[in-house]
Number of protein chains: 2
Amino acid sequence: MIKLADIAEQAGVSESTASRALANSPRISAVKRELIQRIALEAGYTVNQVARNLRVQSTKTLGLVIPEITNPFFPRLVQLIADSAIGAGYRLQLHLSGVSQESEGDCLAALREQRVDGVILVTSENGLVAREALSQMVAFGVPAVLLGWVSGEPPVDMVFGNDATGGYLVAKHFTDLGHRRVAILGAVPHRGPFDRLVGFRKGLMETPGVTEIVVPARTNEEVRLGIDHLLGLDKPPTAIFAYQDSLAAMACRCLRQSCVSIPEEISVVGFDNLELGTYLCPQLTTVDLSMEQMASCAVETLLGRLKTPSFRGGPNQIVIPPQLFVRESTSRPRSTQSIKKTPCEGASHCACD
Amino acid sequence: MIKLADIAEQAGVSESTASRALANSPRISAVKRELIQRIALEAGYTVNQVARNLRVQSTKTLGLVIPEITNPFFPRLVQLIADSAIGAGYRLQLHLSGVSQESEGDCLAALREQRVDGVILVTSENGLVAREALSQMVAFGVPAVLLGWVSGEPPVDMVFGNDATGGYLVAKHFTDLGHRRVAILGAVPHRGPFDRLVGFRKGLMETPGVTEIVVPARTNEEVRLGIDHLLGLDKPPTAIFAYQDSLAAMACRCLRQSCVSIPEEISVVGFDNLELGTYLCPQLTTVDLSMEQMASCAVETLLGRLKTPSFRGGPNQIVIPPQLFVRESTSRPRSTQSIKKTPCEGASHCACD
DNA sequence: TCAAGTATTGCAATCGATTGCGCAAATGAG
DNA sequence: CTCATTTGCGCAATCGATTGCAATACTTGA
């Protein structure tokens, strides 16, 4: 592979001159600069960033750690963060920590070895696993920002959605519509005072006589079981709050297979406002946490730390407000009678006719 | 940041010894090796990969270029490729070329500057845009493999799905069910003899008296218009072959809004077998091109070239066979009469009752 | 014509690791 | 006890670029 010395030789100048010419330094005469640039172009020369990075002690690269890319929540986040980072002149190095998160520490270690200039770490539902590794990293001068809630005192800047308010909005939506028996479908709460469940319950309590039932579920099968359980109750809920749109999607599928119509018999609300929700049938009412804001806040916060590493103020916390998107999957409860449980005949899919 | 020299000094040995000890070289006595490793661990030392990469002339990194991450087709591909690469001891550097692909060349250039050991380039619907940049890269000794079809003579190894056969399977499925008026929804063909449309038409022609109509569409609005157009025809098609599952999803949404039931009035088939299809209502019949195979073939081919760069056999072409997944969105055409075009009243969503 | 000032360019150190080669110490054989 | 081996370790070169400083060439004004 061709290197700077080759270009310098061809142009009959020193490496220093070649380097400066390619960097458009005004200290090089215009003729030589153009000559060198032309030679470099013709030779197909591209600077060796690994050598350059070593010399300038910076990689102009940001590390991004996310749990998994297959969860439909993350791709857009990645895209947005990538856009912001590239817009600011940084490359992105993506690492998948895995949903089990055993490798969150490995990712951080890899990023440190690569000498990335900064790190954005998106926590999974388990919260921050590699707290120690992260603290050590910032101690070594690599700024980081957390995206998502972590329990305890966060060691670094962090931006996260106000899930509690989101849950509150959902609860009010339910009670405003007249629902009095509601179910919560999803993982156990993990976001402390900002958890969706916290706000949801707060919202429910503002209306007397509302009962709630929690059905933990993460996988398709668990959702299936959970829904069956709910439908089998004496007094099934008239509304379901799914912790995430993907869970809501599974729930809708199960309900449909059980011939329960949405929202007539059961209202369903999701969380995250994924595009997926608009493909569902009916389109999903959900809570939106502006991902654009999340992404740009995270990147900007990180870049801020990068610009002035001296600025050692305590970790900031940026909270993104939620917004309820009411679509088709919620309505007033049809009646107080229990849901018919006999399987419908014929096609198991929906139709308008 | 702490470096090798610091460790060496603390241990009272030379840098060479420290380096070899950390690399578990047998040429270092066990006592010293463990001493040095302990010191490094306690000091929180991590090797500087950028220095190391420069010295060993390899980054152990593969570049992956995809058009966009928000298209639900790509996340799983990325995940699978990442798994394969990491399993083989390589890191992954992800670049998004953008759907417009203006930046495909930029991505390649960036990867070259970073001195990645190899590149996997996933083409967009436009095919290979940066052909020149790619050829130059391989000329400079960076092996690459293309994922997806390109027109003309491919300059490098390539793996792609046999879309034509996929299209053929769909066509046969349609004609077997008794459909005689079918529509194709999607972009214009771009994969030459392997295009979905080619095989689809071949399949249709094996049954006499089948008419086809092509409706180009990429965006939501275009789908909307296309569907409206189809429904407005004297004799609307009884089956739609959408070029991708995402298009099929949009089409289903539009049909639903127009109160056309699937599959009774119109059958719909997608392509790609995304998870999305199983959330649709009804669940989508679609064509699967084993993404696992795609990913592992691509990575293995690349690694093969990496191991024996001397092996300069002409570019290989690996073709992945498709498989039809019949689900709920297809059935026999109900009748030969045209679809009722009066909007249905009441809720615009589906229900089983 | 000479001094002062400016515009260009090159020398050489540097970033942090790896590794071929040589030297010294330890071991073993005769 | 001496010489040949083996074992353990360090010297110094190297990867490819950047950059402070010194050096040279070229202007300009007096």
Side-chain angles (χ1 to χ4, degrees), chain A residues 1-37 39-40 43-61 109-117 140-142, chain B residues 1-37 39-40 43-61 109-117 140-142:
Chain A
M1 181 129 323
I2 188 161
K3 57 185 177 180
L4 187 61
D6 303 330
I7 302 298
E9 192 186 11
Q10 270 196 53
V13 298
S14 71
E15 286 186 51
S16 344
T17 303
S19 173
R20 283 190 260 254
L22 293 175
N24 273 319
S25 162
R27 290 178 46 190
I28 303 298
S29 63
V31 275
K32 280 219 163 130
R33 197 184 337 166
E34 278 158 30
L35 169 73
I36 293 169
Q37 292 188 351
I39 291 181
Y45 169 83
T46 54
V47 62
N48 185 328
Q49 289 289 359
V50 6
R52 180 172 198 287
N53 289 343
L54 176 60
R55 174 60 227 245
V56 304
Q57 295 287 72
S58 149
T59 53
K60 278 288 180 184
T61 299
L111 290 173
R112 254 187 78 195
E113 287 188 349
Q114 301 287 330
R115 297 297 188 268
V116 295
D117 292 343
F140 274 108
V142 184
Chain B
M1 180 127 332
I2 188 160
K3 57 185 175 179
L4 187 61
D6 303 329
I7 303 299
E9 191 186 16
Q10 269 196 54
V13 297
S14 71
E15 284 185 52
S16 343
T17 302
S19 173
R20 283 190 258 256
L22 293 175
N24 272 318
S25 162
R27 291 177 46 189
I28 303 297
S29 65
V31 276
K32 281 219 163 131
R33 198 184 336 167
E34 277 158 29
L35 169 73
I36 292 168
Q37 292 188 352
I39 291 180
Y45 169 81
T46 54
V47 61
N48 184 328
Q49 289 289 0
V50 4
R52 179 172 199 287
N53 288 344
L54 177 60
R55 174 60 227 239
V56 304
Q57 295 285 73
S58 149
T59 53
K60 279 286 179 186
T61 299
L111 290 173
R112 255 187 77 194
E113 288 188 349
Q114 301 286 328
R115 295 297 187 269
V116 294
D117 292 343
F140 274 109
V142 183

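Remember, predicted model here, so these are calculated numbers, not experimental data. Chain A is the first sequence line, chain B the second, and so forth, proteins listed ahead of strands; every chain is numbered from 1. Atoms considered below: every heavy atom in the structure, side chains included; atoms not considered: hydrogens, waters and symmetry mates.
Within the 3.5 Å criterion, the main-chain N or O of B/Thr59 finds a donor-acceptor partner in the side chain of B/Asp117.
Comparing B/Lys32 and B/Leu54 against DNA chain D, the residue whose closest nucleotide sits nearer the 5' end is B/Lys32. Map B/Gln57 and B/Ala30 each onto its nearest nucleotide of DNA chain D; the residue landing nearer the 5' end is B/Ala30.
Between A/Thr17 and C/dT9, a side-chain N or O to OP1/OP2 separation shorter than 4.0 Å is absent. Remark: B/Tyr45 is in phosphate contact with C/dA17, judged by side-chain N or O atoms under 4.0 Å from OP1 or OP2. Taking only side-chain nitrogens and oxygens, B/Ser19 comes nearer than 4.0 Å to OP1 or OP2 of C/dT18. Here B/Arg52 reaches the OP1 or OP2 of C/dT18: one of its side-chain N or O atoms lies under 4.0 Å away.
In this structure, B/Glu15 reaches the bases: a heavy-atom distance under 4.0 Å links it to at least one base atom across the strands shown. Note on A/Val13: only backbone sugar-phosphate atoms sit closer than 4.0 angstrom, heavy atoms only; bases stay farther off.
Distances were taken from every side-chain heavy atom of B/Arg55 (C-beta onward) to each of D/dG16, D/dC15, C/dT8; the shortest belongs to D/dC15. The side chain of A/Ser16 has C/dC11 as its nearest neighbour among C/dC11, D/dC11, C/dT18.
Side chains of A/Asn24 and A/Gln37: a donor-acceptor N/O pair is present below 3.5 angstrom, by distance only. Counting only N and O atoms by type, the side chains of A/Ser16 and A/Ser19 include no donor and acceptor under 3.5 Å apart.
Taken to the nearest 0.5 Å, the CG atom of A/Asp6 stands 11.5 Å off from the CE atom of A/Met1.
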Letter per nucleotide, 5' to 3', of nucleotides 21-27 of chain C [B base touched, S only sugar-phosphate touched, - untouched; heavy atoms, 4.0 Å] | BB-----
